[in-house]
Amino acid sequence: MSTTADSYYVPHGTKWPIIGSIGLATSAVGFANYLHGSSLLVTAIGLAIIIFMMWGWFGQVVNESMSGLYNEQVDRSFRWGMGWFIFSEVMFFGAFFGALFYARELSIPWLAGASNNVATHDLLWPNFQAAWPLIEMPLTEKFDVAKQAMGAWGLPAINTVILLTSGVTVTYAHHALKKNNRGGLILGLFLTVALGFLFVGMQAWEYSHAYNDMNLKLTSGIYGSTFYMLTGFHGFHVTMGAIMLTVILIRAIKGHFTPDNHFAFEAVAWYWHFVDVVWLGLFIFVYWL
Amino acid sequence: MSTATTTHDTHDDHGPASGLMRWVTTTNHKDIGTLYLWFSFIMLLIGGSFAMVIRAELFQPGLQLVDPQFFNQMTTMHGLIMVFGAIMPAFVGLANWLIPMMIGAPDMALPRMNNWSFWILPFAFTMLLSSFFLEGGAPAFGWTFYAPLSTTFAPDSTDFFIFGVHMMGISSVMGAINVIATIFNMRAPGMTLMKMPLFVWTWLITAYLLIAVMPVLAGAVTMMLTDRHFGTSFFDAAGGGDPVMFQHIFWFFGHPEVYIMILPAFGIISAIIPTFARKPLFGYSSMVYATASIAILSFMVWAHHMFTTGMPVAGELYFMYATIMIAIPTGVKIFNWVSTMWRGSMTFETPMLWALGFVVMFTIGGFSGLMLGIAPVDTQYHDTYFVVAHFHYVLVTGALYSIIAAFYYWVPKWTGHMYDEKLGKIHFWWSTIAVNVLFFPQHFIGLAGMPRRIPDYSLQFADWNMISSIGGFAFGLGQVFFLYIVIKTIKGGKKASDQVWEGATGLEFEALPSPAPYHSFNEAPAVK
Amino acid sequence: MIFKRLAGRVVAPVSAMLTMFFSASAAAEYELNMTQGVTPISRELYDLHMTVFWICVVIGILVFGAMAWSILNHRKSKGAVAADFHESTTVEILWTLIPLAVLIAVAVPATGTLLDLEDTSKADVNIQVNGIQWKWKYKYLDEDIEFVSALSETSRNAVKDPTGVENYLLDVDNPIVVPINKKIRFLFTSDDVIHAWWVPELAVKQDAVPGFINDSWALIEKPGVYRGQCAELCGKDHGFMPIVVNAVSEDDYQKWVLAKKDEAAAVAASSSQEWTQTDLMAKGQEVYNKACAACHQPTGTGIPGVFPGLAGSPIATGDVKDHINIVMNGKTGTSMSAFKGQLSDVDIAAVITFERNSFGNTVGDMVQPSTIKNLR
Ligand code: HEA
Ligand code: HEA
Ligand code: CUA
Ligand SMILES: [Cu+2]
């Protein structure tokens, strides 16, 4: 197929997907076995294969992009793709937010006798009191009871500021890029990456504090479950985003982006704004209200 | 890295490479479509043979063939394989083959990702099926895997199931993203949205459903995983969670999921009926709006699967009203199809027969759906064979029939060969009689009180179960016959003309030869 | 001629089925259609069911009729030439509004029925029903009566060849007894997974969800024996978890209550007796087959990966305290339930003794009912 600017680039043959599938399957099988007593070795091998795949696949795409194979239409396909990928991520978080709201608004009040559940309370959990954050579960013996809930105005507030600032710096980098100001681009990206990793570090610190000093664990009932699953998946996404930003930073230093051709930069920036927005949701509904 | 990429500049556009690696590495939408379709056929046979085990055990009362635990595994894996392995991939396969040809695109928008969407599936299903050989056997908690039966009470193999579902989800989301990007970005100039064939429209909307709900399913299985192994209590009342919360999350996925399995079918039927009625589709734009309304409503009705879970009565009322509303846009579609036939000039080639069968029997399935939607009466219907009858009418004589219809309709375009008309007709009549013998009596035994998912039943259900089983074996045989027809058509057959059908319209028939070349539209076609 | 051809095609099979449905439903009501049941609600449900059914039949006749008409008359082989119309806002609006009106007409009575169905207030008799894999435990909240009800021996032994077995799979060892003409409120919950208690004639189907209580009610107007089954997949023996409700007159109900209480007192008394090893073993075998064999299997082998075997099991051959503990208290999060709420002291002592000295286990010790009693 010709590769002039006005024809759509259709690659012919690719080995990366099958490698990716092998990697996925290996890590999945490995992890399932790990849960039943095997070591994490197989999982690690699978993850290594996936990383190898991403390296190769993205590398190839970068090269194709750099050698001008992609016209504007290809670029648009990437945009549609990234946009809706982020939407699917939003829905994934939606499931966990849904669980949070369900517990807060429905199951906990019901266990305490609300709505048509008077009998639930009287016959099964007469001592249970509804509360949020839920410290005392209906059956406390089974769980690790936290000493207190996670407040909002200490470290989480600082983290909010960090993440919001990083949203500003990445936008600054984008403007710089559009004005062909490489210095500004690199500075902006560098700050964003740094703030991103700072956030992850703070989060890790918060976790260790919660586990060791507050006895707030995954096993602390629905509060601990939703707290860690939501913030945990978010933290994981921040980590991924920060790694992606690092790659973009390196590419920026290498001079890969031009003011009118920098889809990769924008994709990662979108992603970064997405984790930002999710964090706001977390801050409000998990930490604050 | 540089050596790897230079090879791509030198590619020719004559045709595919040969050998196994062609299929493993292909980025061609037709190749990938073919892979999907074969995969789904294999899954239909596997899932179908599980159904045969079910019907054989239910042939007469008493436990004859399998023990109850294995029976539950059969039921579960039958549902999972049919839904995720047979129906969904078949539609994705059709999308791959048809959407680029219908909108005048050179290929799908993201060809490498397209390859990956497919090649995840064999791995995911191998994982799922391998659970049969693990200690404790395959998942036995139904395709709906309600907690806590699927969490702390489930066998070890459940973790394979969980990761298998994660992988299918990744595959579906990537497939859907590809469809969206293709439709929005790859249409030939002049192919405005409201000129797109309905199959493209219905798939576009289906893709949105997929993107919105597959991640929610992923979330549900992730919560299962952490409840099983990491001490969370999402579905455990003792920790403040709720087993019923699982059902809400599942059905938030699950109900749109059943429309994922029927909207593309609507698109197929909307292509076939006008062709053989030789008359344009009645109410094109209202078809588009009806599809969109069904999709939007599908997000608001999920708890009609949960009328007996003890929801507050306000919730039950709301979900009842919302559910029965779906009859309206669906009715619009049925009425439009009938109006398309009205005063047409009809002929009854095999694809048309399957399409007509679809319209009649899907409507019957829709009627029973409406009955199920009446919340108070669902007290009596829920979890009985009445429900089983309902969903097989919409899934087998709905979704599966549309897929078979699509095969007969487009296979001449794919292979350049006509299928054998006589065999096609035999296939239709045999299947249609058999499928009604199979599923219609299930309405009766359901109303008479036979619960679903049981390996054995009390004696008053014996007669109809035996009849149903006989229908089941006959229908199964019919699909083995279908396999023969498929292979025969691929191997040879009367040469198809470019337009294939006298009344066929659309770019794939009007702008491409039969068989369609490996690369369809390197130059964008002119759209009238 | 053409009609015949058509009849063979689409209409015939469908209409044949429908006719079968109508005519047969008059003849043998119970086999083909929903039961009318024996409560006011069950009749309301039946009526609503039939209303919606007939609406569907009428719409079906219209739609399939129009289709059949065009299939018959607008076919190319009859020289039909295609018209060219393909739009009409008027009819589109019509066939949106008419179904809407039909649906509203259905929704109104459905709403009323649903509100009745869900109104469990002012009950005369309150019965708590616990689903347990794979049996039901009933607790009369006003009477201090509590017992477990499971599939009857006759049915259980007939699974290989049930021909002629009366009420096969619909029979239990301990039916519940309720008075007629009283509002009975059932409160459902579960000890393990989700079950659903369903008796068609009472029009009660309600999920038993662990950790929550759902309720439902019935006012039975006719004495009789009403049978039902578990209606939510709950694991291996989901199909073997029947329900029998014995509806009797108020007087008979009171008599039954007294008898049940006497029975309970007798069982309680038996635990202060000393039992011999042989008696315990015999009793234990009986209890084992009834209460344990469904999972651990009659031969004590279990089902690998699902239920552990007891033959040679570390607990069944180890410290008796652990053995007593797991049988009495079960293990949360597994299907091994706490049997102290289901079995008497004698039963527990006997079954433990049995397990320690069967399936090749030769521990040789025995457990006395009094030991169990003291541990309660
Ligand atoms: C392709 C799949 C598909 C489709 C299209 C549908 C369509 C519908 N379904 Fe179905 N359904 C399933 C697949 C599907 N379903 C499955 C798999 C299950 C079981 C899952 C499980 O538990 O395992 C299920 C279960 C299910 C239940 C739960 C039953 C229970 O467990 O108790 C309910 C309840 O409301 C329901 C309702 C409906 C309704 C109202 C429609 C409507 O969309 C139907 C609308 C169509 C019509 C009504 C006919 C045409 C209309 C006209 C001719 C217009 C005029 C008509 C009137 C005004 C009456 N379905
Ligand atoms: C999505 C589509 C789909 C399709 C196509 C089918 C197809 C069939 N299903 Fe369905 N079924 C479901 C989806 C589907 N099913 C779902 C979601 C459930 C619920 C599961 C649950 O409860 O969790 C279910 C449950 C279900 C039950 C209820 C089980 C129970 O509650 O215990 C039954 C029982 O009759 C049944 C029967 C059949 C039969 C006979 C077919 C036939 O149409 C199959 C025909 C195909 C073949 C037979 C394959 C070809 C033949 C061979 C490979 C050779 C062998 C042939 C012979 C021996 C003759 N299915
Ligand atoms: Cu208990 Cu099914
Ligand atoms: Cu639904």
Side-chain angles (χ1 to χ4, degrees), chain A residues 28-29 31-38 98-145 217-226 228-229, chain C residues 114-132 137-146 183-192 194-195 197 204 206-217 304-306 308 325 329-334 336-338 341:
Chain A
V29 172
F31 196 66
N33 284 330
Y34 160 74
L35 293 172
H36 299 284
S38 306
L100 174 72
F101 295 140
Y102 185 95
R104 291 181 59 163
E105 300 302 324
L106 300 174
S107 67
I108 291 174
W110 286 347
L111 287 164
S115 178
N116 56 351
N117 276 279
V118 184
T120 301
H121 186 247
D122 291 351
L123 292 174
L124 300 179
W125 317 108
N127 300 320
F128 176 66
Q129 306 254 310
W132 189 267
L134 187 73
I135 302 295
E136 296 271 333
M137 283 75 66
L139 192 70
T140 28
E141 304 90 276
K142 234 179 107 178
F143 299 95
D144 289 302
V145 182
K217 304 184 175 173
L218 252 184
T219 44
S220 299
I222 191 71
Y223 175 58
S225 308
T226 48
Y228 281 106
M229 293 303 282
Chain C
L114 187 68
L115 293 176
D116 287 351
L117 184 72
E118 295 289 334
D119 177 13
T120 53
S121 60
K122 302 203 200 76
D124 306 311
V125 180
N126 293 283
I127 304 177
Q128 183 182 332
V129 184
N130 282 42
I132 304 170
K137 189 167 93 176
Y138 297 98
K139 189 165 165 186
Y140 285 63
L141 293 179
D142 327 282
E143 301 288 356
D144 196 27
I145 296 177
E146 193 177 323
K183 185 164 181 177
I184 303 154
R185 178 183 183 213
F186 298 98
L187 299 104
F188 301 103
T189 185
S190 165
D191 288 8
D192 37 53
I194 302 178
H195 304 264
W197 196 87
V204 175
Q206 193 60 246
D207 287 5
V209 180
F212 289 85
I213 290 206
N214 286 329
D215 58 1
S216 199
W217 67 279
V306 188
N325 181 42
N329 301 313
K331 188 155 175 205
T332 37
T334 75
M336 181 64 201
S337 54

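Just so it is clear: chains get the letters A, B, ... in the order the sequence lines come, proteins before strands, and each one is counted from 1. Nothing here was measured: the structure is a model prediction, and the numbers come from that model.
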Atom CG of Asp142(C) with >12 non-hydrogen neighbours under 6.0 angstrom: yes

Residue part contacting chain A, namely of Glu118(C), when any heavy atom lies under 4.5 Å: neither

Side-chain heavy-atom pair Leu123(A), Leu141(C) within 4.5 angstrom cut-off: yes

Residue Thr189(C) versus chain A: region with a heavy atom under 4.5 Å: side chain

Which donor-acceptor pairs under 3.5 Å do the side chains of residues 108-119 of chain A make with protein atoms, sequence neighbours left out?
unit_1: Asn116(A); atom_1: ND2; unit_2: Gly310(B); atom_2: O; d: 3.3
unit_1: Asn117(A); atom_1: OD1; unit_2: Thr120(A); atom_2: OG1; d: 2.7

Those residues that, when tested against Phe212(C), pass ring-ring contact (aromatic ring centres under 6.0 Å, His included) (two or more places apart): none

Inter-residue atom distance Leu187(C).CG - Leu124(A).CG, 0.5 Å rounding: 9.5 Å

Lys139(C) atom NZ, neighbour heavy-atom count above 12 within 6.0 Å: no

